[in-house]
Amino acid sequence: MLSAVRQRLLILPKSLLGSTYQANSYATEATFKTSPYKLHLLETGPSTEVTMTRDEGLQYYRQMQVIRRMETVAGNLYKAKAIRGFCHLYSGQEAVCTGMEAAITKEDAVITAYRAHGWTYVRGVSVHGVLAELTGRATGCTQGKGGSMHMYAKNFYGGNGIVGAQVPLGAGIAFALKYQKKNNVCLALYGDGAANQGQLFEAFNMSQLWKLPVIYICENNGYGMGTSAERASANTAYYKRGDYIPGIWVDGMDVLAVREATRFAKDYVLKNGPILIETATYRYSGHSMSDPGTSYRTREEIESVRGKRDPIFNLKEKLLSSGFSTEQDLKNIESDVRKEVDEASEKAKTDPELPLEELYNHIIVDPPSDMRVRGCDVTISAPTKG
Amino acid sequence: MAACRGKSLLTQQAWRFFQRNFSQTTPVAAQLTVRDALNAAIDEEIKRDPRVFLMGEEVAHYDGAYKVSKNLWKKHGDGRIIDTPITEMGFAGLAVGAAMAGLRPICEFMTFNFSMQAIDQVINSAAKTYYMSAGMVPVPIVFRGPNGSAVGVAAQHSQCFAAWYGHCPGLKVISPWSAEDCKGLLKSAIRDPNPVVFLENEVMYGQPFEMSEEAMSENFLLPIGKAKIERAGNHITLVAHSRLVGVCLDAAKELAGMGVECEVINMRTIRPMDEETIVKSVMKTNHLVTVEGGWPQFGVGAEICARIMEGPSFNYLDAPILRVTGADVPMPYAKTLEDNANPQAGNIIRSVKKSLNIK
């Protein structure tokens, strides 16, 4: 796996390693071999030889640990009835959002479906912003109005709850980027379940006709709710399902492969129009909190993925074998992450909810000053603000 | 010079001559069809704001299925007038995404019947995102196209969606009648920072209306959410939208011959509804008949009835409110049946007489 390591003496910043840091000798950059790709309508694909710096490696490790811990805490908050309604956890899929975010800029756009916590975090919302949204607090990233499925940030268009509907929206965001002559792309994500929705193919068609800068990403975690990919799709090679749109299959548990495929894709779509990436990944949790996730798959299957393919473990091995860090360094990161997420969780449990008058705000932009909104009975006629 | 669009060069020159020589003495009242008024509104707003573009089936090369976008592609080109494949859910979603990312799309449905293919994008994506994002993601888009019963096209191509879209918070819903309505309200809709459903009427496209000089101007806007009293009267209020406003005026004329003076209110906007204008009129006339082309159940008239019941004018009523609506059936093809599924002046006159207890 490790093909080259350059070493140099480093004094580690405290922020990276926590309280027990010490001067040490670490490698600063190394070259790695990614998992192989599969290609559709492409003669050459992303490189399998990639370089990662130590800083990048530790950043990815930290991000993935944050998401893993955040989702564990979200699951606990849900069981404690602090989170309501739907709650879809991203555990197992961390390498996808982490690797993709590493390959784009904050001026590029992202839109995804309802399994949005990890994406919201890598797009710039704090752990507290995500968890407080889940607990429905005013400090949540959408003030408790959106909840688990509807989180937004700059150039992050949610968090969309209707399976597949976000894909034409993503094509439209790409349309706007091209119309405004921006040199940016839109990542439009969907799952293997959504991959059979008709509107995806409508979006594929128009984006190919108009050469829109959109990267379609099928996060194939194996199951659309409880229906396995094989039981739902006549063709499970999702990277080929764009037909005339070139596709790349990538190991979604390898953050470097995901990053490299996304870099390749961004470069490709800015020159040629859309591309499709299938990331082979896995969700450890059930579909949502009401699903134990064991009636349609075996515990052995889940344990096998955890043992052999886990994206965090995968990166950890690279960090250790390349001389980027020691076991202790990584433990320090883990304990820092645990502290950060636990603090955010405490705050998310105790922050206030929005005041009641906010119920009637944000219905429309710039409402007329005399506009009133009807409440549940005739005695309630509330003012509204945009 | 919007009135000259589509006419020959000779006609345009004649028009300029006419305007130059006579407009200072008497204000010129131009005749403009609903179609040309809509065309002028789109043309002017595309010129005014580089973010505005028109997207839909056959809007460019074909000049629009109903010729509303005639000549716009030739004028503004591929970048601004965009033909889509027949793929309503896809292009409606694409247009909504473009609005989220800062553009001002005008999304044409060839008819609103086909918007059912895309209603999820209108309701769940366009109408709700601003609220769900706590104000972070506005969706400034206009969905427009012909709505309401057409002629001889049977059930799937003949129905009114005012009540469907009027139901949903987050949307503005406009249902214009005259050429003036169409021009002023479509321009306002395009400039509005919210998702607006703009329900035109297929049967009205060719209908000419008098246009004031003011209405012909590029700066002419009508406020969304305000109704217009088209005819003042003291005996009974008729509230209608779209084509039925004209039918109400016909009925009012006939009733005037019997000594009944109707007040005819053109709703113009379905949501937000101008309740105040209706309430004031009911307080004056003490009688109300609602008139619409859509089905009766949970319709526009039903909503007005509920608002009057709950509001300050209920005690002013001297008779129950009556509704004139489309018949509660899918639209039939055969002419006699179709005629009886659509409200006519006779239905209005009968209802007015019943309300006023005239035998």
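Please read all numbers here as calculations on a predicted model, not as lab measurements.
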**OP:** Evaluate the criterion salt bridge (Lys or Arg N to Asp or Glu O under 4.0 Å) for residue pair B:Glu44 and B:Lys47; output intermediate values, then yes/no.
**Re:** CA-CA 5 Å; B:Glu44 289 167 13; B:Lys47 260 187 255 164; over 6 Å; no
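Among B:Gly90, B:Gly93, B:Ala101, B:Ala134, the residue with the largest count of heavy-atom pairs under 4.5 Å with chain A is B:Ala134. Chain A forms the most heavy-atom pairs under 4.5 Å with one residue out of B:Thr87, B:Leu94, B:Leu171, and that residue is B:Leu94. Per-residue heavy-atom pair counts under 4.5 Å with chain B were compared for A:Leu209, A:Asn205, A:Ile364, A:Asn361, and the maximum is reached by A:Ile364. Contact tally against chain B (heavy-atom pairs below 4.5 Å) for A:Leu200, A:Thr142, A:Asp366, A:Leu177: the top residue is A:Thr142. Most heavy-atom pairs under 4.5 Å with chain B, from the set A:Ala165, A:Gly198, A:Ala203: that is A:Ala165. For the options B:Lys172, B:Met136, B:Glu88, heavy-atom pairs under 4.5 Å to chain A are most numerous at B:Met136. When each of A:Met371, A:His362, A:Glu202 is checked for heavy-atom pairs under 4.5 Å with chain B, A:His362 comes out on top. When A:Ala174, A:Gly158, A:Pro368, A:Gly386 are compared by the number of non-hydrogen pairs under 4.5 Å with chain B, A:Gly386 comes out ahead.
Contacts of B:Pro223 with chain A are absent, with no heavy-atom separation under 4.5 Å from either backbone or side chain. Contact of A:Ile173 with chain B is made through backbone and side chain together, with heavy-atom distances under 4.5 Å. Only the side chain of A:Asp370 comes within contact range of chain B, with at least one heavy atom under 4.5 Å from a heavy atom of that chain. B:Pro272 does not touch chain A: none of its heavy atoms, backbone or side chain, sits under 4.5 Å away. Residue B:Gln117: no heavy atom, backbone or side chain, is found under 4.5 Å from chain A. Only the backbone of A:Cys141 comes within contact range of chain B, with heavy atoms under 4.5 Å apart. For A:Tyr152, the parts lying near chain B are the backbone and the side chain together; criterion is any non-hydrogen pair under 4.5 Å. For A:Glu358, the part lying under 4.5 angstrom from a heavy atom of chain B is the backbone only. With a 4.5 Å cut-off on non-hydrogen atoms, A:Ala153 touches chain B through its backbone but not through its side chain. In this structure, the portion of A:Leu212 lying under 4.5 Å from any heavy atom of chain B is its side chain and not its backbone. For B:Ser133, the parts sitting under 4.5 Å from any heavy atom of chain A are the backbone and the side chain alike. At a 4.5 Å heavy-atom cutoff, the contact between B:Met55 and chain A is made by side-chain atoms alone. Using a 4.5 Å cut-off between heavy atoms, B:Lys128 does not touch chain A at all. Neither the backbone nor the side chain of B:Asp78 comes within less than 4.5 Å of any heavy atom in chain A. For B:Val137, the part lying under 4.5 angstrom from a heavy atom of chain A is the side chain only. Contacts of B:Ile224 with chain A are absent, with no heavy-atom separation under 4.5 Å from either backbone or side chain. The contact between B:Gln121 and chain A is made entirely by side chain atoms (from C-beta outward), counting heavy-atom distances below 4.5 Å. Looking at B:Met89, both its backbone and its side chain come within 4.5 Å of chain A, counting heavy atoms on both sides.
Salt-bridge check for A:Glu357 with A:Lys385: failed, with every basic side-chain N at 4.0 Å or more from each acidic carboxylate O. Residues B:Glu45 and B:Arg51 are not paired through a salt bridge, judged by the lack of any N-O separation under 4.0 Å between the basic side chain and the carboxylate. Residues A:Lys154 and A:Glu107 are paired through a salt bridge, judged by an N-O separation under 4.0 Å between the basic side chain and the carboxylate. Of the charged side-chain nitrogens involved, none lies within less than 4.0 Å of a carboxylate oxygen, so that B:Glu303 and B:Arg323 do not count as a salt-bridged pair.
Side-chain contact check for B:Leu199 versus B:Ile174: every heavy-atom pair is 4.5 Å or farther apart.
Ring orientation note: the planes of A:Tyr216 and A:Phe204 are nearly perpendicular, at an angle over 60° on the 30°/60° scale. The aromatic rings of A:Phe86 and A:His88 sit parallel to each other, their planes meeting at less than 30°, with 60° as the upper class boundary. Ring-plane geometry between A:Tyr179 and B:Phe53 is classed as tilted, the angle between the planes lying from 30 to 60 degrees on a 0 to 90 degree scale.
Among B:Lys183, B:Arg80, B:Lys187, B:Lys75, the one residue that satisfies the salt bridge (Lys or Arg N to Asp or Glu O under 4.0 Å) test with B:Asp43 is B:Lys75.
Checked against the 6.0 Å centroid threshold, B:Phe114 and B:His157 count as a close aromatic pair.
Although no hydrogens or angles enter the test, the distance criterion places a donor-acceptor pair under 3.5 Å between the side chain of A:Glu133 and the main chain of A:Gly144.
Enclosure of atom CD in B:Glu310 by more than 12 non-hydrogen atoms of other residues, nucleotides or ligands within 6.0 angstrom is indicated.
A:Tyr114 and A:Ser288 share no side-chain donor-acceptor pair at under 3.5 Å. B:Asp274 and B:Thr269 are not linked by any side-chain donor-acceptor pair at a separation below 3.5 angstrom, with hydrogens and angles left out of the test.
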